[in-house]
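Residues take their numbers from the sequence shown, with the count starting at 1.
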Amino acid sequence: MCGFAVAVSQVGCEYPDKSKVRDMQASLAHRGPDDNGFFARSNVVLAHQRLAIIDVDSPPQPLHTDDGRYSMVYNGEIYNHAFLQQKLMREGVKFFTACDTEVLLKGYAYYGASFFKMLDGMFSVVIVDHKSRKVIAARDRVGIKPLYAAKVGGTFLFASEIQAIQAYSPQSFTAWEPSAIDNYMTLGYIIEPKTHLQNIKQIPAAHFFTYDLNEGDIKETEYWSLKKAIHAPHIELSEKQGENLVEQSVISQMVADVPVGSFLSGGLDSSIVSAVASQQSEGRLHCYSAGFSEDGFDEIPQALAFAGKINAKHGSLYFDDTVLGSVEDIGMIYGGPFADNAAYPTFKLAEKASEDVKVLLSGDGADELFFGYRNHRSMFVESAVKRCLPTAVSSPVLSWLSSVYPNHPAIPRSLRAKATLKSLSMSLSESYCAAMSATSRETLERIYSNGFKALIKGKETEAEFAQLGAEVAHKDPMKVMQYLDFKTYLPGSVLTKVDRATMRAGVEARVPFLSNAMLDTILPQPTHKNLGFSKQKTQLRQWASPWLSSEERTRVKKSFTSPLDQWFRALQYSEFYRIIMTDSLIDSLIFDIQKVDELMREHYHGKANHGTTLWSLAVLAKTLQKK
């Protein structure tokens, strides 16, 4: 696991400034504290920071082929590198290390871009072909590892974090992207490939870009298709086959020459991963859990009990309303606005884990594969209701009912039908966007300024979800929802949170549920195998029987989220006001400040719960200050 920075200029343009690339590299030092490397040749400058995990004594990157044609920087882990190395050696390719980095470079040199689909792992990579004067930038199947790209004049820039791109030319990256800000305020994160800055993008997951330095042309190629994987014929799996699939996915990602631990919430996914890892560990596995002091937000006791069951060493951290002070650090860790309220606790937990291990296994990805979120169940029910109602009648009638139905926290929960009526009147994709939103469109329409509303008209996040949903065109609406998860929430929120938090702490996070074998086998599975009116994650719960008891397998899922509503009310009002109502927020012209003030007062006096919206505003306010 590492970080890298690249600057390459087109033929005939001014060479990249090496000192600025050094600035880019310095901004990534936390991603690779063990070693670093720097390479400059005319119009190509490559810089790398290394966190040594496999073959720790191998030389630092950038790495070059023996003939000097190709140079490469890379971030990630290739779990099947030993198999691929043997395959290449049979073809006569010579190796000098046992490191996955050399396998990736020489595999590309031998097979070309077709090698990317052979890789089972998480990666972002930039390869320079000095002979053809082309640059290849590629990213893993689901976007586990980040890769940002931009262009300044005749120079292409690539980096593992957005701050590194900015470090090359701060004045070139100041304009904010309005639709990205709407993503952020709606969801708490930004849908890739957008970033909050207009001139910086991410390389999309499962894609490689080819940059022609002679002509300045850019070609985008998808090397693995999520859509095709979802539509592929499914394999009927016995319980034993499912167990083996899960077990081997975890075992394959334990390859390391340094200590390996795990995140453990006590829930199904992390418990499976921790149990398998514990069986494979040479010593006692280190597990780490986070909890919150408030009732209903603490999973540490059940995590501690499970750690005892598998004879693991357990470390934990508790968090309280002092987390609100971390708003200052979110922009530094995540490089921009990011409002997952477990983001800072995840970083602190990774920081604690770094005292013992350099690799942490995570249960992330299982909910997206096996339909584990509460919203999946509610959307399944909603979809069933919609099938019973003629669209020509239901859409206008339900839309009208939702507009006139009262909406007030004093109304008994069982009678709060306004959101449900509104959701039933929408398309599936738009309805799922509403279900996944941290802040409702109704609230955003209330607090946005008229000028900002005009800027995003027709580009609202719901429209983006609708466009993405139309790409897959699956007859099963729940598979459309799964496609949306993999295009939005998984890379934009889940994987971003874990990568930036762990890398800031100098630890590598791995996600066994997103192995190639899991993706290829589970994505084509019909919805009914895992989701129904009274079931979720059915296959995974069955396959967990070798490691989890019946009670552990059927335990109701809890989300790792903090009690923001209570925390904001615990502040003195002056402090509450100071955190959100900054000069930068006021001057941004994004919001109607009077309406934001009303929202804050409603929340503080208990008239409504706006905790997630207020946290989004607080993080954005601090990010704007650093603009």
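Judged purely by distance below 3.5 Å, without hydrogens or angles, the side chains of Thr221 and His207 never pair a donor atom with an acceptor atom. Between the side chains of Tyr110 and Glu91, at least one donor-acceptor pair of N or O atoms lies under 3.5 Å. Side-chain contact annotation: Tyr334 with Asp340, donor-acceptor N/O pair under 3.5 Å absent. For the 3.5 Å distance criterion, the side chains of Thr155 and Ser9 fail to qualify, holding no donor opposite an acceptor. Under the 3.5 Å distance criterion, with hydrogens and angles disregarded, a donor-acceptor pair is assigned to the side chains of Thr97 and Glu102. Side-chain contact, Ser326 with Asp329: no donor N or O sits under 3.5 Å from an acceptor N or O. Residues Asp298 and Tyr318 have side chains that bring a donor and an acceptor to within less than 3.5 angstrom of each other.
Between His64 and Phe39, the angle of the ring planes lies from 30° to 60°, which puts this pair in the tilted group. Aromatic ring pairs are classed by plane angle as parallel below 30°, tilted from 30° to 60° and perpendicular above 60°; the pair Phe347 and Tyr344 is tilted. Between Phe116 and Phe123, the ring planes lie parallel to each other; the angle is under 30°, not in the 30° to 60° tilted range.
Proximity of the aromatic rings of Phe115 and Tyr108 is defined here by a centroid distance below 6.0 angstrom, and this criterion is not met.
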Margin query: Using the rule given for side chain to side chain contact (heavy atoms under 4.5 Å, CB included), can you reason through Ile272 versus Leu548, listing the C-alpha separation, both sets of side-chain angles and the distance that settles it, and then say yes or no?
Written below: CA-CA 7 Å; Ile272 293 172; Leu548 276 64; 4.0 Å; yes
Notebook entry, point to check: What do the steps show when you test Phe263 against Tyr288 for ring pair (Phe, Tyr, Trp, His ring centres under 6.0 Å), and what is the final call?
Noted result: CA-CA 5 Å; Phe263 286 118; Tyr288 303 90; 7.6 Å; no
Next item on the list: Could you please spell out the steps behind the side chain to side chain contact (heavy atoms under 4.5 Å, CB included) verdict for Asp364 and Leu514?
Entry: CA-CA 8 Å; Asp364 290 325; Leu514 296 177; 5.8 Å; no
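Counting only distance, with no hydrogens or angles, the side chain of Asn75 and the backbone of Ser124 share no donor-acceptor pair below 3.5 Å. A donor-acceptor pair under 3.5 Å is formed between the side chain of Arg284 and the backbone N or O of Asn311. Thr496 places a side-chain N or O within 3.5 Å of a backbone atom of Gly492 that can act as its donor or acceptor partner. In this structure, Gln49 contributes its side chain and Gly32 its backbone to a donor-acceptor pair below 3.5 Å.
For the pair Lys106 and Phe95, the distance from NZ or CZ to the six-membered ring centre is under 6.0 Å and the angle to the ring normal is within 45 degrees. Annotation: cation-pi pair Lys20/Tyr168 present, NZ/CZ under 6.0 Å from the ring centroid and within 45° of its normal.
Between Asp499 and Arg504, none of the side-chain N atoms (NZ, or NE/NH1/NH2) sits under 4.0 Å from a carboxylate O, so this pair counts as no salt bridge. A salt bridge is absent between Glu508 and Lys358; no separation between the charged side-chain nitrogens and carboxylate oxygens falls under 4.0 Å.
Between Phe38 and Val21, some side-chain heavy-atom pair lies under the 4.5 Å cut-off.
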